[in-house]
Amino acid sequence: VSFGVNGSYVAWFTGESPADDSLPGRPAPGVYLNAWLPRVGPVHARLALDDDVREPTHPLLATFGPATLIGVLARTTTSPERHVLSLRTLESGGTRSPWLHLGDHVASAALATHGEARAYALWTEKREEGPRVRLVKLSR
């Protein structure tokens with residue numbers, strides 16, 4: 001969940017719903033996002049976060065100035081395929097930035113913001129010599 005001056009968002013992962021027509025209204029496995037209002041609930045139809053990434057899981061959200069920073073663990077659609085932390089922003093008008101792919105063999109991740117224009121992404125990568133921790137600072 002992210003709470004911002006321009007609205008709140010909730011993101012979730014579902015991996016248990018079958019993707020077939022016999023269960024109408026149930027989402028296919030993946031990560032979804034929706035605007036959220038207290039005492040009202042979801043505001044719009046859910047938005048699947050699977051464009052230009054494969055098999056997204058572990059959704060992450062953080063308020064990033066007037067935007068929302070979105071993260072997922074996913075596989076890239078390019079060759080060679082990598083398991084990455086993918087980040088993008090959702091602006092208050094609904095515009096989404098392209099995905100930024102970080103790392104390789106990513107096992108877990110976290111997001112944090114500091115002020116209106118600074119954010120941090122932290123992730124661990126599985127390596128033969130043991131896990132490696134990575135940190136990157138993002139600016140608007």
Side-chain angles (χ1 to χ4, degrees):
V1 175
S2 70
F3 301 99
V5 293
N6 292 318
S8 301
Y9 290 91
V10 61
W12 68 95
F13 170 74
T14 180
E16 299 177 11
S17 298
D20 72 66
D21 295 332
S22 67
L23 299 169
R26 293 193 65 188
V31 173
Y32 296 90
L33 178 77
N34 205 329
W36 189 270
L37 290 175
R39 294 186 212 108
V40 174
V43 179
H44 304 290
R46 65 181 175 260
L47 173 66
L49 296 177
D50 62 356
D51 57 309
D52 295 327
V53 295
R54 291 185 343 101
E55 302 172 15
T57 63
H58 299 83
L60 303 163
L61 296 177
T63 301
F64 194 26
T68 299
L69 182 60
I70 300 169
V72 295
L73 299 188
R75 297 189 183 283
T76 59
T77 58
T78 58
S79 184
E81 181 182 274
R82 298 174 13 230
H83 194 259
V84 296
L85 168 60
S86 295
L87 302 175
R88 72 172 359 159
T89 56
L90 173 65
E91 299 297 330
S92 59
T95 303
R96 290 174 281 163
S97 69
W99 289 107
L100 169 66
H101 304 300
L102 301 172
D104 192 14
H105 303 288
V106 174
S108 62
L111 295 178
T113 54
H114 183 260
E116 293 284 313
R118 196 172 344 161
Y120 297 91
L122 174 76
W123 69 95
T124 59
E125 297 176 348
K126 295 180 194 175
R127 296 291 178 190
E128 286 183 20
E129 60 275 7
R132 182 167 43 183
V133 177
R134 297 291 195 190
L135 173 69
V136 69
K137 181 172 122 179
L138 305 161
S139 300
R140 284 189 57 80

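Side chains included, hydrogens not; waters and symmetry mates left out as well; all remaining heavy atoms used. All figures in this text were calculated on a predicted structure; none of them were measured in a lab.
- Salt bridge annotation for E91-R140: present, with a cationic side-chain nitrogen under 4.0 angstrom from a carboxylate oxygen.
- No side-chain heavy atom of L73 sits under 4.5 Å from any side-chain heavy atom of F13.
- Considering CG of L47 and CD1 of I70, their distance stands at 7.5 Å, rounded to 0.5 Å.
- Taking the side chain as every heavy atom from C-beta outward, V53 and S86 approach each other to under 4.5 Å.
- Among all heavy-atom pairs drawn from P59 and A11, the shortest one is CB-CB, 3.8 Å.
- Atoms NE2 and CD, from H83 and E55 in turn, are 7.5 Å apart once rounded to the nearest 0.5 Å.
- When all heavy atoms of R54 and T77 are compared, the pair lying nearest together is CG-CG2, 3.8 Å.
- A distance of 10.0 Å separates NZ of K126 from NE2 of H105, quoted to the nearest 0.5 Å.
- Here E129 does not pair with R127 in a salt bridge; the nearest charged N to carboxylate O distance is not below 4.0 Å.
- Linking ILVMFWY side-chain heavy atoms closer than 4.5 Å, directly or via other members, places V133 and Y120 in a single hydrophobic cluster.
- The CH2 atom of W99 sits 8.0 Å away from the CG atom of L87 when rounded to the nearest 0.5 Å.
- Between T78 and H101 there is no side-chain heavy-atom pair separated by less than 4.5 Å.
- For the pair G71 and L111, the tightest heavy-atom approach, listed with the atom from each and the gap, is N-CD1, 4.0 Å.
- You'll find the side chain of T68 stays beyond 4.5 Å of the side chain of L33, heavy atoms only.
- Taking 4.5 Å as the limit, every side-chain heavy atom of V84 sits out of range of all side-chain heavy atoms of L102.
- When every heavy atom of R82 is checked against every heavy atom of G103, the shortest pair comes out as NH2-O, 3.0 Å.
- Ion pair D52/R88 not flagged as a salt bridge, since none of the NZ, NE, NH1 or NH2 atoms sits closer than 4.0 Å to an Asp/Glu carboxylate oxygen.
- Note that CG of L61 and CG of L69 are 8.5 Å apart. Values are rounded to the nearest 0.5 Å.
- Rounded to the nearest 0.5 Å, atoms CZ (R118) and OG1 (T113) are 10.5 Å apart.
- A 4.5 Å side-chain heavy-atom check between P42 and W36 finds at least one atom pair inside the cut-off.
- Hydrophobic clustering (side-chain heavy atoms under 4.5 Å, transitive across Ile, Leu, Val, Met, Phe, Trp, Tyr) groups F64 together with W123.
- V72 and L100 fall into different hydrophobic clusters, where Ile, Leu, Val, Met, Phe, Trp and Tyr are joined by side-chain heavy atoms under 4.5 Å apart, directly or via other members.
- Between the N34 side chain and the H44 main chain, a donor and an acceptor come within less than 3.5 Å of each other.
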